[in-house]
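Take a look at the structure below.
Because the structure is predicted, anything quoted here is derived from the model rather than measured. In what follows, every chain begins at residue 1, and chains take the letters A, B, ... in the order their sequences are listed.
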Protein chains: 2
Amino acid sequence: MATIKDVAKLAQVSVATVSRVLNSNGYVNPTTKERVNKAISDLNYRPNDVARSLFKGRSKMIALFVPDIMNPYFPELARAVEDVTNQHDYTFVLCNTDDDIEKEITYLNALQQKSVDGIIIVSSTINKEHIQHINVPIIALDRILSSDLSSVTVTNREGAKEATEYLKEIGCERIAHICGPENASNTVQRLRGYLDVVKDEDWFLSSYVVSGGYNFDKAVEVTINLLKDHPEVDGIFAANDVMGVGVMKAAQSLGLRVPEDLSIIGFDGIALGKTTSPSLTTMAQPIYDIGARAAEILIEHINDKELLRKREEFTVKLIERESTKVRR
Amino acid sequence: MATIKDVAKLAQVSVATVSRVLNSNGYVNPTTKERVNKAISDLNYRPNDVARSLFKGRSKMIALFVPDIMNPYFPELARAVEDVTNQHDYTFVLCNTDDDIEKEITYLNALQQKSVDGIIIVSSTINKEHIQHINVPIIALDRILSSDLSSVTVTNREGAKEATEYLKEIGCERIAHICGPENASNTVQRLRGYLDVVKDEDWFLSSYVVSGGYNFDKAVEVTINLLKDHPEVDGIFAANDVMGVGVMKAAQSLGLRVPEDLSIIGFDGIALGKTTSPSLTTMAQPIYDIGARAAEILIEHINDKELLRKREEFTVKLIERESTKVRR
DNA sequence: CTATTGTGTGTAACCCGTTACATAGAATAA
DNA sequence: TTATTCTATGTAACGGGTTACACACAATAG
């Protein structure tokens, strides 16, 4: 690979002049500039980003932490972050953390050593202390990690409330909830939204809430148990779509008709919900927009270290599909 | 951030000695070593990887090109590559190419400028010429890009043949095929496997093959048309699971029972196939293993520039689920 | 007892850019 | 006409590591 010295030699100028041409700063005589550009293209020269990074202390890389890219919520998020990242000439690094704090810390260190410019984090385990000594901008996504971090989230509680109310509206009289893992903040929010609607109903039982850990197989299993114990349940709000589809699978395996016998609503709005028969009604998040916005805010922080903390909250939107009865 | 000089000063040695301790090479007196290690931990020093990369000309980064991480086949692949990558202390860079050669070339250049150590590519557009002047090891995944590249693929043709034969065995008498996009090499292979079985059947019609572009919505659409034109079709081999689920959706929307009226088999073995009712019978690829193996071979190439080209082919395996009639 | 090898450490060049600073001629201002 | 500013370019330090080479002393060999 040609270096800036080779270009300088061929164009008969100093490396400083070549650098000026490359970065369009300082004075360069148009004739000289042309000579340098010719040398650059003749040698097919491309500046070494590593050397640049070393001097600048910045690497033009952005990392995204997700628990597991195999969870279908994350690919769209990752895609959004990558797209924005690329538009701004950053390179995108993906880190699967398994919500394992050890792995997260290892990544945090490795990325710092690589002078990564910023990190977007979806995590249930990282807290203020883990990141206080990190001098790279961090954005919390989907969940809030620390009071002094910018974040992009959604109206989990309100959305959950709306989902549950929707089930009531269409005529469900016993509504259960399959919630996520206890340690995730959005599990708590969505559960609260559900309880906001049902806790004062005379039919409400605490056993109408069971945890499916945001996991398909677990959701199938707990739903089967729930429906066996409580055949009166005619509506289920699943805290995410993966579990919503699990609930549908469970219902169908028990011979229940969806939505005639059981209405199901999910949360997230991932593509999976469109593939089932019947397709899944859901409270959809603008997943791509969330990821894109997080990346934009991160880049703002990178460009302006003094930028104040931002908190942005997207609203979720009901998508009526086939897993719920038609509104009367 | 502390530098090696700070450590050297604190430990009262030269930077060379610190470097020797860090890299465990050369002679270092045990006492000195201890002093250096103390200084390192006192300062919480971590070597700057950018400086290291500049000197070494290697960055400890590996990139994966996929058409689109939102296609559910790729997250598992990406996960595998990332896991292996991490085990060997590499950082994982994900690139969504949309099978757009412009984007691919842009990435190739950007990664070279970053001294990336190796690239794993899934692409239908990149060919020999695009990569001949690239001096970084490249592995072709899922599809073969160039005769001189190591690759990891699956037995597409044999798997397709087996899938089609399976439909025959369970009693299907008119078997159609929803194929992938024309430009993908595995589309061609899977189509050949299908034709190997059916081309000499007296019932076979060329209109039994339609393209669904590996896409859910497209597959739903073309299947509806196919089944309207050819109500005699009682078995469909979809070239991937996403389309297989689309076929199921189409069949159910037409009021057909699966598998009683129509048996459906997919290809890939992604998690999606387990979520539907009925669940999707498929020719499963060992997706994780494929990705992991590609990453391992890449690392072998990185460590040994003289390593000969390797061609590894994984076999696919029938997973009988509920979308096909039971074998008589 | 000298020659050789092993041990332990430091100096400085190198990787490849960027940029502060120096220099100098040309253009403009006073 | 002289002072000042603008234009144009070069030299060299710098970023933070790694390592070739030099040097010195200790241990072992002959």
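In this entry the distance linking CD of A/Gln112 with C1' of D/dG16 reads 16 Å, nearest Å. A/Gln12 places its CD atom 10 Å from the P atom of D/dG10, with the value rounded to the nearest Å. Nucleotide D/dT11 holds its P atom 14 Å from the CD1 atom of A/Ile4, rounded to whole Å. Rounded to whole Å, atom C1' of D/dC6 lies 14 Å from atom CG of A/Asn29. The nearest whole Å value for the distance from the CZ atom in B/Arg20 to the P atom in D/dT19 is 10 Å. Straight-line distance from the CG atom of A/Asn25 to the C1' atom of D/dA8: 13 Å, rounded to whole Å.
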**Candidate pair B/Arg58 and B/Ser53, rule side chain to side chain donor-acceptor pair (under 3.5 Å), full reasoning** = CA-CA 5 Å; B/Arg58 296 185 284 108; B/Ser53 293; over 6 Å; no

**Request:** Apply salt bridge (Lys or Arg N to Asp or Glu O under 4.0 Å) to the pair B/Asp42 and B/Lys38, showing each step before the final yes or no.
**Result:** CA-CA 6 Å; B/Asp42 283 0; B/Lys38 181 161 187 328; 2.7 Å; yes

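Looking only at distances, a side-chain donor or acceptor of B/Asn48 sits under 3.5 Å from a matching main-chain atom of B/Ala51.
Contact annotation for B/Ser19: base contact, defined as any heavy-atom pair under 4.0 Å involving a base atom.
Evaluation of the salt bridge (charged side-chain N to carboxylate O under 4.0 Å, His left out) test over residues 70-79 of chain A, restricted to residues two or more places apart or in two chains, returns A/Arg79-A/Asp83, A/Arg79-B/Asp68, A/Arg79-B/Asp98.
For the segment residues 31-57 of chain A, the set of residues with a heavy atom within less than 4.0 Å of an atom of DNA chain C comprises A/Tyr45, A/Pro47, A/Asn48, A/Ala51, A/Arg52, A/Phe55, A/Lys56, in numerical order.
Within a 6.0 Å radius of CD in A/Gln87, other residues, nucleotides and ligands contribute more than 12 heavy atoms.
Closest approach of A/Ala80 and A/Tyr288 over heavy atoms only: CB-O, 3.1 Å.
With hydrogens and angles left out, the side-chain atoms of B/Glu312 and B/Ser151 include no donor and acceptor closer than 3.5 Å.
Tested against B/Glu300 for a salt bridge (Lys or Arg N to Asp or Glu O under 4.0 Å), the candidates B/Lys305, B/Lys310, B/Arg309 yield a single pass: B/Lys310.
Along DNA chain C, read 5' to 3', the first and last nucleotides having any atom under 4.0 Å from a heavy atom of chain B are C/dG6 to C/dC16.
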